[in-house]
Amino acid sequence: MKSKHDLTITDIRVIVSSPGRNFVTLKIVTKCGLYGVGDATVNGREQAVAAYLKEHVTPCLIGRNAHEIEDIWQYLYKGVYWRKGPINMAAIAAVDVALWDIKGKAADLPVYELLGGKSRKAIATYAHATGSTIDDTLDKAEALFAQGFTAVRLQTAVPGLKASYGVLGDKKDYFEQQSSRPLPPEEPWSTRKYMNSIEDLFRQARSRFGTEVQLLHDVHSRLTPIEAARLGKMLEPYDLLFLEDAVAAENQDSYRIIRDHTTTPLAIGEIYNTIWDCKELIQNQWIDYIRTATTHAGGITALRRIADFAALFHVRIAPHGAPDLSPICYAAQAHLGIWAPNFGIQEFVGFGSDKSNEVFSYDLTLTEGMIHVGDSPGLGVDFNEEAAAQYPYNRSYLPVSRLEDGTLWSW
Ligand code: KDG
Ligand code: MG
């Protein structure tokens with residue numbers, strides 16, 4: 001069918017800005033004036049994606065028809081000898097999401113309608129409660145439950161360690177700009193101290209909040225498979241919705257060991273770039289939730305495939321939703337989440353800061369812990385280039401982790 005709009009791509013802009021934290025944003029403009037936006041943020045490696053997009057991707061797309069999402073995806077994936085990888089896949093994701101945005105605008109339909117329509121009224125989310133003590137964490141969780149959230153991820157500083165995941169010593173958390181530290185901050189890690197303290201957090205949480213609420217926890221890949229198996233067993237009485245990233249699974253077989261020992265549901269995937277990274281985990285039913293993000297795993301086209309594949313094996317999607325994913329990523333995942341028959345839950349840490357809200361607008365609303373997706377055409381998200389220009393890029397790193405004897409560990 002001939003489109004009534006001329007969707008020839010005439011201009012592509014890559015904008016790196018820092019409205020509170022760094023974001024890489026792609027804007028694809030077509031001849032008829034319709035444009036779309038995509039997110040290409042890779043936390044701590046922003047300029048690498050921007051350079052890849054500018055030098056190697058965007059020149060190949062000028063003059064192409066923006067309707068040809070699938071062929072452009074294949075061209076940038078299969079057509080490039082060097083497949084996969086976080087930088088490449090974030091670049092593909094940004095292009096893909098911007099093209100879906102354009103297609104929706106051209107059709108005058110929200111993207112979820114193009115995917116097959118809504119499977120639910122709104123999207124369930126889980127929020128974060130991270131504290132320096134158990135009481136602090138549980139007070140924060142209580143405030144979230146009072147706001148209407150029904151699922152909360154609990155993280156607490158490990159007693160005896162100077163800093164812990166999400167709770168850096170100076171009270172800045174890792175989500176924020178670490179501009180006071182030109183080099184990556186360092187966090188100590190002790191599996192023994194962690195294993196000795198973690199059960200208490202969940203024991204106290206269940207005794208304070210009862211069994212109705214959903215609890216989650218992110219290990220952030222600090223354990224070995226057999227340690228993770230022990231943790232899963234230890235936490236079984238507290239009925240987690242899922243235990244996230246118990247083990248870094250470059251070796252997907254690691255999850256078989258955990259699965260053999262515990263019924264605690266398992267989630268992984270936020271650093272995965274393609275379906276190949278999670279294929280064995282899914283087809284062997286070693287996990288329950290796959291957490292790949294549109295920005296890091298090749299966009300809506302790729303996540304739709306992962307979701308459909310996962311559905312065959314009773315695995316649900318629970319996309320990554322930390323603050324380093326821009327509102328454009330959130331919008332893309334909201335459209336996927338409202339459609340996917342096997343949607344599980346969306347991680348949610350707020351729609352952004354005051355600064356990022358000057359730069360991004362979106363047609364999503366949160367009520368009682370559920371995200372409602374508006375019916376604006378495309379993704380309903382926009383990016384204000386003038387406002388972004390006030391916030392130049394600010395080099396920033398994620399922390400690194402070391403054992404107490406100095407050995408480098410997974411952060
Ligand atoms: O950039 C890294 C963060 O997005 C990540 O540490 C957050 O693990 C995370 C989560 O589950 O949100
Ligand atoms: Mg995580």
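Because the structure is a prediction, the values reported are computed rather than measured. Counting convention: from 1, in listed order, for ligands and their atoms alike.
Each of the atoms 10 (C), 11 (O), 12 (O) of ligand 1 lies under 4.0 Å from some heavy atom of Arg153. Listed by atom number, the atoms of ligand 1 under 4.0 Å from Ala322 heavy atoms are 4 (O), 7 (C), 12 (O). Numbered from 1 in the order shown, with element, the atoms of ligand 1 that lie under 4.0 Å from a heavy atom of Glu347 read 10 (C), 11 (O), 12 (O). Using a 4.0 Å cut-off to heavy atoms of His320, the atoms of ligand 1 that qualify are 4 (O), 5 (C), 7 (C), 9 (C), 10 (C), 12 (O). For ligand 1, the atoms sitting less than 4.0 Å from at least one non-hydrogen atom of His220 are 5 (C), 6 (O), 8 (O), 9 (C), numbered in the order shown with element in parentheses. Taking a cut-off of under 4.0 Å to the non-hydrogen atoms of Asp218, the atoms of ligand 1 that pass are 8 (O), 9 (C), 10 (C), 11 (O). If you number the atoms of ligand 1 from 1 as listed, the ones under 4.0 Å from a heavy atom of Glu244 come out as 11 (O).
With respect to Tyr289, the ring-ring contact (aromatic ring centres under 6.0 Å, His included) criterion is satisfied by exactly one of Phe242, Phe313, Tyr126, Phe343: Phe242. The side-chain contact (heavy atoms from CB on, under 4.5 Å) with Ile290 is formed by just one residue from the set Asn342, Ile275, Ile306; it is Ile306.
The OD2 atom of Asp218 and the OE2 atom of Glu244 subtend an angle of 90° at the Mg ion (ligand 2), given to the nearest 10 degrees.
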Pair Tyr362-Tyr330, side-chain contact (heavy atoms from CB on, under 4.5 Å): steps then yes or no: CA-CA 9 Å; Tyr362 36 84; Tyr330 256 100; over 6 Å; no

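Note on Arg203 versus Asp200: salt bridge recorded, some NZ/NE/NH1/NH2 to OD/OE distance being below 4.0 Å. Remark: Asp71 engages Arg64 in a salt bridge, criterion side-chain N to carboxylate O under 4.0 Å. Of the charged side-chain nitrogens involved, at least one lies within less than 4.0 Å of a carboxylate oxygen, so that Glu70 and Arg305 count as a salt-bridged pair. At a threshold of 4.0 Å, the pair Asp288-Arg259 counts as salt-bridged, since one of the basic side-chain nitrogens sits closer than that to a carboxylate oxygen.
Only the side chain of Leu398 comes within contact range of ligand 1, with a heavy atom under 4.0 Å; no backbone atom does.
Counting only N and O atoms by type, the side chains of Tyr75 and Glu68 include no donor and acceptor under 3.5 Å apart.
Checked by atom type and distance alone, the side chain of Asp39 pairs as donor or acceptor with a backbone atom of Thr41 at under 3.5 Å.
Nearest N, O or S atom of Glu270 to the Mg ion (ligand 2): atom OE1.
The shortest N or O to N or O distance between Trp411 and ligand 1 is not under 3.5 Å. Geometrically, ligand 1 and Arg291 share a nitrogen or oxygen pair separated by less than 3.5 Å. Between Tyr126 and ligand 1, no N or O atom pair is found at a separation short of 3.5 Å.
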